[in-house]
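Being a predicted model, the structure only gives us computed values, none of them experimental. First listed ligand is number 1; within each ligand, the first listed atom is number 1.
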Amino acid sequence: MSKAPIRVAVTGAAGQIGYALLFRIASGQMFGPDQPVALNLIEIEPGMNALKGVVMELEDCAFPLLTDVVQTSDLNVGFKDVNWALLVGSVPRKKGMERAELLGINGKIFVGQGKAINDNAAKDVRVLVVGNPCNTNCLIAMQNAPDVPNDRFFAMTRLDENRAKSQLAQKAGVPVSAVSNLCVWGNHSPTMFADFTNAKINGKPATEVITDKAWLEETFLPVVGKRGAAIIEARGASSAASAANAVVDTVVSLTTPTAPGDFHSVCVCSKGEYGAPEGIITSLPIKSDGTKWEVVKGLHLNDFAKEKIAVSINELTSEKETAMAALA
Ligand SMILES: NC(=O)C1=CN([C@@H]2O[C@H](COP(=O)(O)OP(=O)(O)OC[C@H]3O[C@@H](n4cnc5c(N)ncnc54)[C@H](O)[C@@H]3O)[C@@H](O)[C@H]2O)C=CC1
Ligand SMILES: O=C([O-])CC(=O)C(=O)O
């Protein structure tokens with residue numbers, strides 16, 4: 001007997017990331033080659049015509065796993081019975097802006113979406129926020145969905161993890177698959193800490209393989225932290241295919257068992273782990289058994305790491321205050 005479809009809502013489905021993401025979900029790359037999927041595609045009114053074109057292309061792929069597609073600008077329809085809500089739809093930053101500057105434009109989107117998820121989604125719904133500033137937007141959605149447990153809300157730092165792994169692999173002259181245990185801590189902003197102190201290369205501490213401390217502290221960290229801006233500078237638009245890839249990776253990491261001893265970066269609601277204030281959405285090392293996820297405990301953080309993480313956490317706390325004041 002074939003499995004029941006997993007119903008996935010994607011907001012901003014006609015945008016750049018949506019265009020790189022939907023085909024990967026429908027082809028089975030997110031939930032596996034024998035798992036049917038249904039897509040609820042949500043756009044604002046001006047995007048509905050472009051969305052129609054994207055849906056025509058989905059039809060033209062004749063994906064065997066895609067059972068049905070809903071196209072809507074009505075949030076109550078869009079989030080009806082969804083098992084996953086991928087919240088991408090929002091305005092991307094332009095050259096010269098920081099992501100936090102988007103809070104005033106994008107923050108309010110997540111009030112209505114949080115409420116609609118609360119009222120319509122399936123009982124097991126999980127929510128991944130991509131739209132920036134994603135940590136604080138996730139917090140807003142979570143606060144507006146009081147019936148959905150906090151541990152079902154995630155924001156995306158997997159793109160930062162993937163970027164960090166690539167940089168370390170290039171420096172060490174190894175394939176990217178040799179790099180593991182890479183946690184990006186804190187905010188999806190230039191203050192994020194891409195933790196080379198706990199990372200491993202071929203199972204050895206990365207700092208024993210890359211002994212150039214100045215490169216790790218003064219080149220690697222800013223390259224990873226400001227990679228999004230470098231892409232906007234080069235492409236004239238923010239990252240899309242790599243962002244969509246990171247959405248797939250995040251969901252796969254939360255829904256399949258993590259390799260023993262490894263972890264991945266996901267922003268979750270803090271319960272005070274590693275000294276982060278409770279109730280902020282911050283990036284932490286996460287492992288999954290395929291069904292339930294948990295924060296990996298016991299990682300050693302040296303003074304350098306602690307200092308960097310504290311800066312990012314302080315930024316998140318102040319973003320939270322700004323958002324709460326603006327939406328009060
Ligand atoms: N967390 C991360 O690692 C990353 C986050 N992003 C963020 O993802 C977001 C989307 O980026 P792109 O797809 O490049 O932007 P885009 O402008 O190409 O597409 C956004 C789409 O969202 C739609 N939209 C706007 N408001 C909406 C609403 N209230 N409900 C539903 N749809 C709505 C627009 O009509 C548009 O089609 C941006 O905020 C960007 O900064 C981008 C890359 C990485
Ligand atoms: O930098 C941006 O605005 C888009 C983004 O979040 C990223 O590429 O990491």
**Student:** Can a side-chain donor-acceptor contact be found between N83 and D124 if the only test is distance below 3.5 angstrom?
**Tutor:**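 A donor-acceptor contact under 3.5 Å links the two side chains.
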
**Student:** Please check if atom CZ in R227 has more than 12 non-hydrogen atoms from other residues, nucleotides or ligands closer than 6.0 Å.
**Tutor:**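 Atom CZ in R227 is not packed in, count stays at 12 or less.
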
**Student:** Is the contact between D160 and ligand 1 made by the side chain, the backbone, both, or neither, using heavy atoms and a 4.0 Å cut-off?
**Tutor:**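 For D160, no heavy atom sits under 4.0 Å from ligand 1.
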
**Student:** With a 4.0 Å cut-off on heavy atoms, is R158 touching ligand 1?
**Tutor:**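 The answer is no: ligand 1 sits nowhere under 4.0 Å from a heavy atom of R158.
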
**Student:** Is D68 salt-bridged to R7, going by a charged N under 4.0 Å from an acidic O?
**Tutor:**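 So D68 pairs with R7 through a salt bridge.
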
**Student:** Just verifying a value: how many Å separate L22 CG and I17 CD1, rounded to the nearest 0.5 Å?
**Tutor:**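 Separation between the atoms: 11.0 Å.
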
**Student:** Is it true that, when you exclude K165 itself, more than 12 heavy atoms of the residues, nucleotides or ligands shown sit nearer than 6.0 Å to its NZ?
**Tutor:**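 Correct, the count exceeds 12.
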
**Student:** Check whether more than 12 heavy atoms from other residues, nucleotides or ligands sit under 6.0 Å from atom CZ of F23, and answer yes or no.
**Tutor:**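 Yes, the 6.0 Å shell around CZ holds more than 12 heavy atoms from other groups.
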
**Student:** Relative to the ring of F304, is the ring of F196 parallel (under 30°), tilted (30 to 60°) or perpendicular (over 60°)?
**Tutor:**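 It falls in the tilted class, 30° to 60°.
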
**Student:** Distance to 0.1 Å, residue and atom name: give those for the protein heavy atom nearest to atom 31 (C) of ligand 1.
**Tutor:**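 Protein heavy atom with the smallest distance to atom 31 (C) of ligand 1: G12 N, 3.8 Å.
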
**Student:** Taking both backbone and side-chain atoms of T11, is any N or O found less than 3.5 Å from an N or O belonging to ligand 1?
**Tutor:**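 In fact, backbone or side chain, T11 has no N or O that close.
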
**Student:** Quick check: H188 and ligand 1, any N/O pair under 3.5 Å apart?
**Tutor:**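 Yes; the residue has a nitrogen or oxygen that sits under 3.5 Å from a nitrogen or oxygen of the ligand.
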
**Student:** Under 4.0 Å from a heavy atom of A243: give me the atoms of ligand 1 that qualify, with their elements.
**Tutor:**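 Heavy-atom distances to A243 below 4.0 Å select 43 (C), 44 (C).
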
**Student:** For R99, which part has a heavy atom under 4.0 Å from ligand 1: side chain, backbone, both, or neither?
**Tutor:**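 Neither part.
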
**Student:** For atom 15 (O) of ligand 1, what is the nearest protein heavy atom, given as residue, atom name and distance?
**Tutor:**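 Sorting protein heavy atoms by distance from atom 15 (O) of ligand 1 puts P92 CG, 3.4 Å first.
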
**Student:** Identify, by atom number and element, the atoms of ligand 1 in contact range of Q113, meaning under 4.0 Å from any of its heavy atoms.
**Tutor:**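 Counting from 1, the qualifying ligand atoms are 30 (N).
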
**Student:** Tell me whether the rings of W293 and F154 are parallel (<30°), tilted (30 to 60°) or perpendicular (>60°).
**Tutor:**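 Answer is perpendicular, since the angle exceeds 60°.
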
**Student:** Look at atom 8 (O) of ligand 1 and say which protein heavy atom is nearest, naming residue and atom and giving the distance to 0.1 Å.
**Tutor:**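 Sorting protein heavy atoms by distance from atom 8 (O) of ligand 1 puts I17 CD1, 3.5 Å first.
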
**Student:** Find the distance between CG (N76) and CG (D119) and round it off to the nearest 0.5 Å.
**Tutor:**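 It is 6.5 Å, given to the nearest 0.5 Å.
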
**Student:** Give the residue, atom name and distance (to 0.1 Å) of the protein heavy atom nearest atom 1 (N) of ligand 1.
**Tutor:**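 I find the closest protein heavy atom is V130 O, 3.3 Å.
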
**Student:** Taking the hydrophobic residues Ile, Leu, Val, Met, Phe, Trp and Tyr, and joining any pair whose side-chain heavy atoms are under 4.5 Å apart, which ones share a cluster with V77?
**Tutor:**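 Result for V77 is V70.
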
**Student:** Which protein non-hydrogen atom lies closest to atom 29 (N) of ligand 1, naming both residue and atom, and how far is it?
**Tutor:**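 Nearest protein contact, heavy atoms only, for atom 29 (N) of ligand 1 is I109 CG2, 3.4 Å.
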
**Student:** Taking atom types as modelled, is there a side-chain donor on E319 or N187 under 3.5 Å from an acceptor on the other?
**Tutor:**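 There is such a pair (donor and acceptor under 3.5 Å, judged by atom type) between the side chains of E319 and N187.
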
**Student:** Please verify whether a non-hydrogen atom of A14 lies at under 4.0 Å from ligand 1.
**Tutor:**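 Right, A14 reaches ligand 1.
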
**Student:** In terms of atom number and element, which parts of ligand 1 are under 4.0 angstrom from non-hydrogen atoms of G15?
**Tutor:**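 In order of number, 18 (O), 19 (O), 21 (C), 37 (O).
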
**Student:** Is the F31 ring parallel, tilted or perpendicular to the W84 ring (thresholds 30°, 60°)?
**Tutor:**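 If you compare the ring of F31 with that of W84, the planes turn out tilted.
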
**Student:** Can you report which non-hydrogen protein atom sits closest to atom 18 (O) of ligand 1, along with the distance?
**Tutor:**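 That would be Q16 N, 2.9 Å.
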
**Student:** Kindly compute the distance separating CG (D195) from CD (E161), expressed to the nearest 0.5 Å.
**Tutor:**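 Reported to 0.5 Å precision, the distance equals 11.0 Å.
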
**Student:** Hey, is G47 one of the residues with a heavy atom under 4.0 angstrom from ligand 1?
**Tutor:**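 G47: no contact with ligand 1 (<4.0 Å).
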
**Student:** Would N162 and D249 count as having a side-chain donor-acceptor pair, cut-off 3.5 Å?
**Tutor:**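 Looking only at side-chain atoms, D249 and N162 do form a donor-acceptor pair, the distance falling under 3.5 Å.
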
**Student:** Which ligand 1 atoms does C134 reach within 4.0 Å, using its non-hydrogen atoms?
**Tutor:**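 Heavy-atom distances to C134 below 4.0 Å select 1 (N).
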
**Student:** In the protein, which heavy atom is nearest to atom 28 (C) of ligand 1, and how far is it?
**Tutor:**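 Answer, as residue, atom name and distance: I44 CG2, 3.5 Å.
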
**Student:** Given a heavy-atom cut-off of 4.0 Å, could you list the residues near ligand 2 in chain and number order?
**Tutor:**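 Those residues closer than 4.0 Å to ligand 2 by some heavy atom are R93, R99, N132, L159, R163, H188, G228, I232, S238, S239.
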
**Student:** Using heavy atoms and a threshold below 4.0 Å, how should the contact between N132 and ligand 1 be classified: side chain, backbone, both, or neither?
**Tutor:**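 The answer is both, backbone and side chain.
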
**Student:** Checking a contact table here: which protein heavy atom is nearest atom 39 (O) of ligand 1, and how many Å away?
**Tutor:**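 Of the protein heavy atoms, S90 OG, 2.8 Å lies nearest.
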
**Student:** Looking only at the side chains, is there a donor atom on one of R158 and N245 sitting less than 3.5 Å from an acceptor on the other?
**Tutor:**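 No, no side-chain donor-acceptor contact under 3.5 Å.
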
